[in-house]
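Quick notes on the structure that follows.
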Amino acid sequence: MRIESDLKLGFKDVMIRPKRSTLKSRSQVSLQREFKFLHANNNWQGIPIIAANMDTVGTFEMATALAKNKLITAVHKHYSIADWNMFMSNTSKSIGDYIAISTGIKPNDIEKLASIINSNPTIKFICIDVANGYSEHFIDFVKRIREMLPKTTIMAGNVVTGEMVEELVLSGVDVVKVGIGPGSVCTTRKMTGVGYPQLSAVIECADASHGLGGLICADGGCTVPGDIAKAFGAGADFIMLGGMLAGHDQAEQSIIEEDGEKYVAFYGMSSDVAMKKHKGGVAEYRASEGKTVKIPYRGDVSGTLQDITGGVRSACTYVGATQLKELSKRTTFIRVTQQINNIFGAS
C-alpha cells in the first residue's frame, strides 16, 4: 500500500481565468475541429462532442439529430444487426462520419461488429466500451480489432492514468476514453472506492496521449456547459455526454406524468434496471454500479445543443480563442472554493 499526496481536481474545483480578447462576438468562434487519426489514418471534421452509448441517450434518433450539427453519437450496443442495417439503409450516407458502433469484448461481440461494419462500411467509428480498461484481456481485444479493422477509427476505454493511455494508444486505439466514476448515474466510486477526479484525469491523460500522437475523449462528469469548456481547456479532444443529453425526445423512453409534470427515467448501464433489461438481472458475482433517477422531460434536444455550443463559444470569447482548438492553449485554471451564488436556489 502507498499513498500519493498530489492534489487531484474535479471540474467544481476550478474556473477559467478570462484574458484580453480581440473577438467582437461569440459568432466569430468556430467549434469545428479537424483530426487525422493516428492508426486509422483518416480525417474527420465536426464538433467533437459525443452522445454517450447509453440506451437512454445513444439512440438512432439521437444520432440523426446530432449528425445534422456534425456531432457524434456512440450508439448503444443493444441494437441488433437488423436494426443497424435498417437504420443505415433509410438515412443519409454522410451520417457514417458522425456515428459510432459500440461493442463489448465478448467473442460474439466481434462477430456482431464485423457484420455491421461489413454491411455499412461508411461508418467511421467504433467504441470499445468496458467499465475497467485495465485488464490484459481488454488490451488483447483492442489489438485484435485493430488488426481486423485497420482503417476504422477506434475509441476505447475507460482509463484514467497516463501509463494505461499510452498502452492503449500503442495497441491501436485512436481515441482513449477517460473517466472512472464521474458520471451522474454511476456509483462505481461508492461501490468500489476506485476512481480519479475528472479534471486531473483529463489533464494527465491528454498529455500522455498527445505525446504519442493519440487523442482522448473525456467521458463523464460534465453537468453544465461550463464543465465542457473546462474539459476542452484541460486538453480533451472529444467530450462524451450522458446526463446532459438525457430526457429528450430522441431518448426512446416513455414519459411519466406526476402532478402535471413530465419526467423520464435515466439510469446507468451498470444499474439494476439496465442489467435486468438487457441481461436478465445482476450476475451473482457482481454488484450494481449504477443508479436510476427521475429527470424532467426536456423536449427536443436542439435547445440543449444550443445551450451547450453557445456556452462553449462564450468561454472561447472570454479567453480570446477564435477556434476550439485554441482553447486549451489559452486556458489558465484558478482554484476556487465556490463557483455559483445559490442564494435563490440552485439552477
Side-chain angles (χ1 to χ4, degrees), residues 8 37-40 50 52-54 58 72 74 76-77 100-107 109-110 113 125-149 152-183 185-222 231 234-242 268-270 274 283 285-287 289-290:
K8 305 300 179 184
F37 298 111
L38 177 65
H39 299 288
I50 305 172
N53 52 320
M54 308 168 78
I72 299 171
H76 70 75
K77 61 185 178 183
I101 305 168
S102 298
T103 180
I105 58 174
K106 294 180 180 178
D109 291 325
I110 294 179
L113 178 63
F125 296 90
I126 64 171
C127 177
I128 306 174
D129 182 60
V130 297
N132 178 6
Y134 286 80
S135 72
E136 290 185 9
H137 178 58
F138 174 58
I139 297 296
D140 292 339
F141 185 90
V142 166
K143 292 177 180 177
R144 185 174 175 183
I145 297 301
R146 174 50 70 199
E147 291 177 2
M148 185 177 80
L149 301 170
T152 302
T153 302
I154 296 177
M155 178 167 57
N158 282 26
V159 297
V160 288
T161 52
E163 72 274 7
M164 207 63 197
V165 169
E166 292 169 349
E167 179 76 15
L168 286 168
V169 172
L170 294 172
S171 298
V173 175
D174 298 293
V175 184
V176 179
K177 214 145 66 77
V178 174
I180 292 181
V185 286
C186 178
T187 61
T188 293
R189 295 176 180 178
K190 175 182 176 181
M191 295 301 295
T192 69
V194 176
Y196 211 97
Q198 186 70 342
L199 181 73
S200 288
V202 169
I203 292 170
E204 295 170 25
C205 291
D207 180 63
S209 188
H210 295 165
L212 295 174
L215 304 171
I216 71 160
C217 172
D219 178 16
C222 292
D237 305 289
F238 293 85
I239 294 174
M240 182 170 277
L241 303 176
M269 295 309 291
S270 291
Y285 57 83
R286 64 170 299 173
E289 291 181 26

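No experiment lies behind these values; they were computed from the predicted model shown.
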Q) Sub-3.5 Å donor-acceptor pair from the side chain of Gln198 to the main-chain atoms of Gly220, do we have one? A) yes

**Q.** For the student: nearest non-hydrogen atoms of Ala218 and Ala231, plus distance
**A.** CB-CB, 4.4 Å

**Q.** Min side-chain heavy-atom separation Ile50-Met155 under 4.5 Å
**A.** yes

**Q.** Least distance between heavy atoms, His76 atom then Ser102 atom
**A.** C-CB, 4.3 Å

Q | Interatomic distance, Leu113 atom CG to Ile105 atom CD1 [nearest 0.5 angstrom] | A | 13.0 Å

Q: Would you give the length of the straight line joining atom CE of Met191 to atom SG of Cys186, rounded to the nearest 0.5 angstrom?
A: 11.0 Å

**Q.** Heavy-atom closest contact (Val185 atom, Met54 atom, distance)
**A.** CG2-CE, 3.9 Å

Q) Can you tell me how far the CD1 atom of Ile239 sits from the SG atom of Cys217, to the nearest 0.5 Å? A) 8.0 Å

Q.
If you compare all heavy atoms of Ala206 against all heavy atoms of Gly235, which two are closest, and at what distance to 0.1 Å?
A. CB-O, 3.5 Å

**Q.** For Ala234 against Leu199, the heavy-atom pair lying closest together
**A.** CB-CD1, 3.7 Å

Q: Start with the C-alpha distance between Ile145 and Met148, add both sets of side-chain angles, then the distance that settles side chain to side chain contact (heavy atoms under 4.5 Å, CB included), and finish with yes or no.
A: CA-CA 5 Å; Ile145 297 301; Met148 185 177 80; 3.8 Å; yes

Q: Using the test ring pair (Phe, Tyr, Trp, His ring centres under 6.0 Å), find all partners of Phe141 that sit at least two apart in sequence or belong to another chain.
A: none

Q) According to the interplanar angle, ranging from 0 to 90°, do the rings of Phe238 and Phe37 count as parallel (below 30°), tilted (30 to 60°) or perpendicular (above 60°)? A) parallel

Q.
Check whether Ser209 reaches the backbone of Leu215 with its side chain - one donor and one acceptor, N or O, closer than 3.5 Å.
A. yes

Q: Any chance you could measure Phe138, atom CZ, to Asn132, atom CG, to the nearest 0.5 Å?
A: 9.0 Å

Q: Indicate the atoms forming the closest heavy-atom contact of Cys205 with Ile216, along with that distance.
A: O-CG2, 3.7 Å

If you look only at distance, which donor and acceptor atoms sit under 3.5 Å apart when one is on a side chain in residues 166-183 and the other is two or more places apart or in another chain?
residue: Ser171; atom: OG; partner: Glu167; partner atom: O; Å: 2.7
residue: Asp174; atom: OD1; partner: Leu38; partner atom: N; Å: 3.4
residue: Asp174; atom: OD1; partner: His39; partner atom: N; Å: 2.7
residue: Asp174; atom: OD1; partner: Ala40; partner atom: N; Å: 3.2
residue: Asp174; atom: OD2; partner: Arg146; partner atom: NH2; Å: 2.6
residue: Asp174; atom: OD2; partner: Ile154; partner atom: N; Å: 2.9
residue: Lys177; atom: NZ; partner: Asp129; partner atom: OD1; Å: 2.9
residue: Lys177; atom: NZ; partner: Asn158; partner atom: OD1; Å: 2.8
residue: Lys177; atom: NZ; partner: Asp219; partner atom: OD2; Å: 2.9

Q: Taking the side chain as every heavy atom from C-beta outward, state whether Arg144 and Asp140 have any pair of such atoms under 4.5 Å apart.
A: no

Q | Check against side chain to side chain contact (heavy atoms under 4.5 Å, CB included), Tyr196 and Val159 | A | CA-CA 9 Å; Tyr196 211 97; Val159 297; over 6 Å; no

Q: Any pair with a residue in residues 201-214 that passes salt bridge (charged side-chain N to carboxylate O under 4.0 Å, His left out), sequence neighbours left out, goes on the list, sorted by first then second residue, please.
A: Lys8-Glu204

